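All remarks here apply to the structure that follows.
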Amino acid sequence: MSSNEEKDYVEMEEDVDIKIFPPSPPPIRINPSSDRLMFSPLPPAPSTTEVEHNTPSTSQSGYQAFPSETCSFPSNDQLKTLSPSPPAPTVHGLNTATSQECDVEELCSLPSPHGFPNLENVSALQGIEQFQVYPSTPLPVFQKIPPINIQGNIQTALSNTSSLLPSDYPEFIAQFPEQDQVLLQSSAVKENAAVWEFSPNIFPLQYPDNANVMQRLDFLNWDVLDTKVEQMNELFKEEPDLEQSSFNAPLYHGAAITLHESLVSILSVALKFSLSGKVIDSILSLISLHLPKQDNSFRKSLYLFKKYFSTIRGESSYEFYCSVCLAKCDKKSGCIDCGKAVPLCCLITLPLVEQLKTLMKRKGFYNKLIPLKSRFSSLGYADIYDGKIYRDHVENGYVKELPDLTCEWYADGAELFKSAKVSIWNLFLSINELPYSERFKKKNLLVPALWVGPVKPPTNLFLQSSIPDLEKLAKAVPMDIADLERTEDVSLKVLGGTGDTPARALILNMVAHNGEHSCQMCLQKGECREGCFGVRVFPYDPNEMEPRTVENFERHGKWAMVLKKQDPLLSYMGLHGTTPLSKITLDPVRGTAIDIMHNLYGGCAKISHSFFADASSSYSSLSCHLTKLERNLLDDRILQIKPPHYLTRVPKSIHELGSWQTSIHKSMCLYYSLPVFQGIVKEEFFVHYSTLVAAAQLINSDLVTPEDLDTVEKLIKKYITYFPNLYNGDHYLTINFHLLLHLTTLVREKGPAWTTACFPLESVNGEILRLVHGPRYPEMQITASLHMSLGIEELVDNLSPGEAKNFCCALLSTTNSSKQVKFGENVIQGRWHHISENPPDYLKMLITSHPSLQSVNVSTFSKLRRNRILYVAEPFQKSHSRDSSAVLYDTDNGTETGLIKTFVRSSKCSCSYCHCECSLYVVIQELEVVGNFKTLLPGIFVPNTYKYKRLQNFLLLRIDALKSVSVKMEINSDLFISKRSNHHEIE
């Protein structure tokens, strides 16, 4: 990275004002008015130790021109033997000892040794592809700096002089401001020769004020120079990698915290509060003000801070491509065919084998992997292992016992900036053998490749960079496994993956969703929407839905490649060609899952909500569209809902429908919609929408039985069949509604729908994007953000026990650990209180009738966390936006629904706050079902949402009877409760 790039990278949002001393005297300069060259002589060159390939043309003015090959510099001993040179001669009236003007033609016309005898005229000079000009006496300090080629003319070379400075040059100048100047190297292309430039540096040059360059070299103090050379080389050494650095050393002498602990703590704060780069940089500067000026290792700039964490997942490689022709090109010179002004795209590749080795070396990781015999359920579809694809691979021996692993890919694109047309496309891998709760944790994800640029990546290019590592891992690679304390052959095989519709089309090399045959599951062609040829609709016709198979998919891809030779825009049966996915997975068709996040919740449910409540004129012609009065009534109902704590977002006003996130549409579909729509939406539309809700709840359950799948299939077919009769024919039957017909196939092949939903990865994308600040050098920002965001959990886990680790853990935790007491797997949040003299009648009756609560101290509390679920008693609902009192609990007659009134703690001690041995109970008010919601199928009701009434019956149960929290809604004095769809997703 050049110095200019680095300075820009340090301050992403504003230019850095770094003062560079003016060159004095400049040996060569462009005269802006005449395009002529200014040049000054240098002494003749001593013989170099080695010159490869070409003999240079030499002039007495001290320049040597080479084609773009390598040239070694003279040694220190050779430089020390230099003697003063005779006065510079005058040739053709041009005094080479003083600065004069001449144009390129004059320079080429000079006879040897002042001109370039091998370059007889301007056309010959311009015909050379690239050459470098070396000064005849390079100073020894730069012997380790290789020649730099600059594409362009001499003006380009001179304008990029600062880019030739070492990366830490600004700090260098700050440390040695009083020193003098030394020569730097430059080079040029085609039109003119490049020369050495003067720039400020650390060398004390002792010479008379009127001395020329030759005389200045005579006055060099070589003993001092040798010392300065050693200092320079030491200063310019590359900063060691994170693994090699002594980050466990104190931050400064006597400090109680190490450099590593300090920087990880700062990173934890930045991620917790989504701080911008400018704020982080200010924090770093503020902290540095409090540190001793000497002997501290703190990273004072944002660039150094990000660089510290830049290799957590291995060194990244960068390849740049033209955004127009997609040809590989150099970042500085740009695309040769399209011009330098065309923006570039960057493909970032990370070492996949090294990432997996790092996971295996982590203590506790291997022990979390599920053994083969424990992965399957005999009752139905409980996880991805119960899908037909996984079971088939186990039966044919493709998937074996640990340490053989399998994974799923996840691809997605997101816009980086609103002001600049730059987007990021990422590819993640999740390991299937981890429990779902661990599968999508940032520290357990693998990242093979990312793409940053104004256009989306070509399929072959995006996947091709990761295929060598994936093919190598499929055959097994020896790895050190920390939990086994030995080396084993570990394999990783790709079974399939998912993404939103554009991402799946990209990976499968298919046409976009508005193209012919754009369904990934079947060969239905679809038809253009009447009056809108950019939208494709898919009328329901089972006869046209011929399934895609791996055989016809590969055959159609090959035919598409033949057609593309005639016309690059042609496709065949929805394919642009073959996909590299076939090289790393056995069946890309069955393995690629439909993502219900974008298809069901962000697609079908979202447009259904718009049909009812969108205030715009787009849907006003539909008979289901609500009036303004009805929308206001609906809005009042929605805003009264207090969701439980496991739902991360609270409902928004219906008047802000356009800004609803997909997670809100999901909660609306699964939990809120039926109670709030009832009585407002017309009955025929309400029942039709209830049919979609019932299907969504069933395929998203903890366990999906074969009978459930048969019911879902009937429900969806009924929903799609009735759709044209209610919503203006086939006008709105786009690809998302068509893909509903394939959801049952998804569950049979891949397990419950939540196993392949993109919700966990969307949150990871959000965290990465929050750390990108400004449009300059997005590829470097993305890489640094990726390392920091995905690596923070592992960084904190690996900290030594102490105050820094406690601080980071508390910061990244979602709970308040300062006011909680843990009893086994139960955590009491807040304090408990001894029962008053006049407790509620139901509590007094329960305590007196329960033998185990006699002759002990009994107290009550209101908040309990158990198995990652927070339960809150109904009278304690301090929050105006949350309610976690509706629960499912186990009884002798099965699972029931009730309301938590309070929690009870019994203990022999009389402490007001302690860890003494105790027993925990819950008091629950019983409920009775009084209403349900029907669907289009006779006798089939929505499975998880019911209307209840309170009973005056109370139960005292042991705390382990609690199963989960449900969504409680009170609308017009009516109580509705929706059961949680599954207990795996953190919504």
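Worth saying up front: this structure is predicted, and the values here are computed from it rather than measured. For this chain, numbers begin at 1 and follow the sequence in order. Side chains included, hydrogens not; waters and symmetry mates left out as well; all remaining heavy atoms used.
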- Message: Are Leu284 and Lys300 packed together at the side-chain level, in the sense that at least one heavy-atom pair is separated by less than 4.5 angstrom?
- Response: no
- Hey, is CG on Leu570 packed in by over 12 heavy atoms from elsewhere, all under 6.0 Å? yes
- Task: Evaluate the side-chain proximity of Cys532 to Val535: yes if any heavy-atom separation is below 4.5 Å, no if none is.
- Result: yes
- Is there a donor-acceptor pair under 3.5 Å between the side chain of Asn514 and the backbone N or O of Arg536? no
- Check whether any side-chain heavy atom of Val511 lies under 4.5 Å from a side-chain heavy atom of Leu575, and answer yes or no. no
- Check the pair Leu761 / Leu445 against side-chain contact (heavy atoms from CB on, under 4.5 Å), numbers first and verdict last. CA-CA 10 Å; Leu761 279 303; Leu445 292 174; 3.9 Å; yes
- Query: To the nearest 0.5 Å, what is the distance between NE2 (His517) and OH (Tyr572)?
  - Reply: 8.5 Å
- Message: If I take atom CG from residue Asn509 and atom CG from residue Asn460, how far apart are they, to the nearest 0.5 angstrom?
- Response: 6.0 Å
- Query: How long is the gap from CG on Leu581 to CH2 on Trp409, to the nearest 0.5 Å?
  - Reply: 6.0 Å
- Okay, side chain of Lys340, backbone of Lys332: is any donor-acceptor separation there less than 3.5 Å? yes
- Task: May I ask you to decide if Arg504's main-chain N or O and Gln520's side chain share a donor-acceptor pair within less than 3.5 Å?
- Result: no
- Indicate yes or no: at least one non-hydrogen side-chain atom of Cys325 is less than 4.5 angstrom from one of Cys335. yes
- Item | Within-4.5 Å side-chain heavy-atom neighbours: Cys345 and Val455 | yes
- Item | Lys583 atom NZ, neighbour heavy-atom count above 12 within 6.0 Å | no
- Query: Would you call Thr662 and Glu762 a side-chain contact if the rule is heavy atoms closer than 4.5 Å?
  - Reply: no
- Query: Would you call the rings of Phe305 and Phe309 parallel, tilted or perpendicular if under 30° counts as parallel and over 60° as perpendicular?
  - Reply: perpendicular
- Indicate the atoms forming the closest heavy-atom contact of Pro448 with Leu427, along with that distance. CD-O, 2.9 Å
- Item | Passing candidate, side-chain contact (heavy atoms from CB on, under 4.5 Å) with Trp451, options Leu461, Leu506, Ile348 | Leu461
- Message: Please determine whether side-chain contact (heavy atoms from CB on, under 4.5 Å) holds for the pair Ile507 and Thr592, giving the CA-CA distance in whole Å, both sets of side-chain angles, and the decisive distance to 0.1 Å.
- Response: CA-CA 9 Å; Ile507 298 298; Thr592 303; 6.0 Å; no
- Query: Roughly how far, to the nearest 0.5 Å, is OG1 of Thr578 from CG of Leu508?
  - Reply: 11.5 Å
- Task: Could you pull out the closest heavy-atom pair between Tyr318 and Cys346, with the gap in Å?
- Result: CD2-SG, 3.6 Å
- Rounded to the nearest 0.5 Å, the CG atom of Leu347 sits from the CD atom of Gln464 at a distance of 11.0 Å
- Message: Please find the pair of heavy atoms, one from Pro468 and one from Ser465, that lie closest to each other, and give the distance.
- Response: CD-O, 3.8 Å
- Item | Stepwise side-chain contact (heavy atoms from CB on, under 4.5 Å) test for Gln355 and Val447 | CA-CA 8 Å; Gln355 291 182 63; Val447 189; 4.2 Å; yes
- Query: So, Ser571 side chain and Gly574 main chain: donor-acceptor pair closer than 3.5 Å or not?
  - Reply: no
- Salt-bridged, Lys328 to Glu319, with N to O below 4.0 Å? yes
- Query: How long is the span from the CD1 atom in Ile735 to the NE2 atom in His513, to the nearest 0.5 Å?
  - Reply: 9.0 Å
- Query: So, do Leu344 and Cys329 sit near enough that their side-chain heavy atoms are less than 4.5 Å apart?
  - Reply: yes
- Query: Between Asn426 and Leu450, is there a donor-acceptor pair closer than 3.5 Å when you use the side chain of the first and the backbone of the second?
  - Reply: no
- Query: Ser423 side chain to Glu415 main-chain N or O, any donor-acceptor pair under 3.5 Å?
  - Reply: no
- Message: Taking the side chain as everything from C-beta on, heavy atoms only, tell me whether Leu352 gets closer than 4.5 Å to Leu470.
- Response: yes
- Message: Show, in sequence, the C-alpha distance, side-chain angles and deciding distance for Cys758 and Thr498, and conclude whether the side-chain contact (heavy atoms from CB on, under 4.5 Å) test is met.
- Response: CA-CA 8 Å; Cys758 286; Thr498 191; 3.9 Å; yes
- Which heavy-atom pair separates Leu326 from Tyr321 by the least distance, and what is that distance? O-CD2, 3.6 Å
- Task: Determine yes or no for a side-chain-to-main-chain donor-acceptor pair under 3.5 angstrom, with Asp500 supplying the side chain and His598 the backbone.
- Result: no
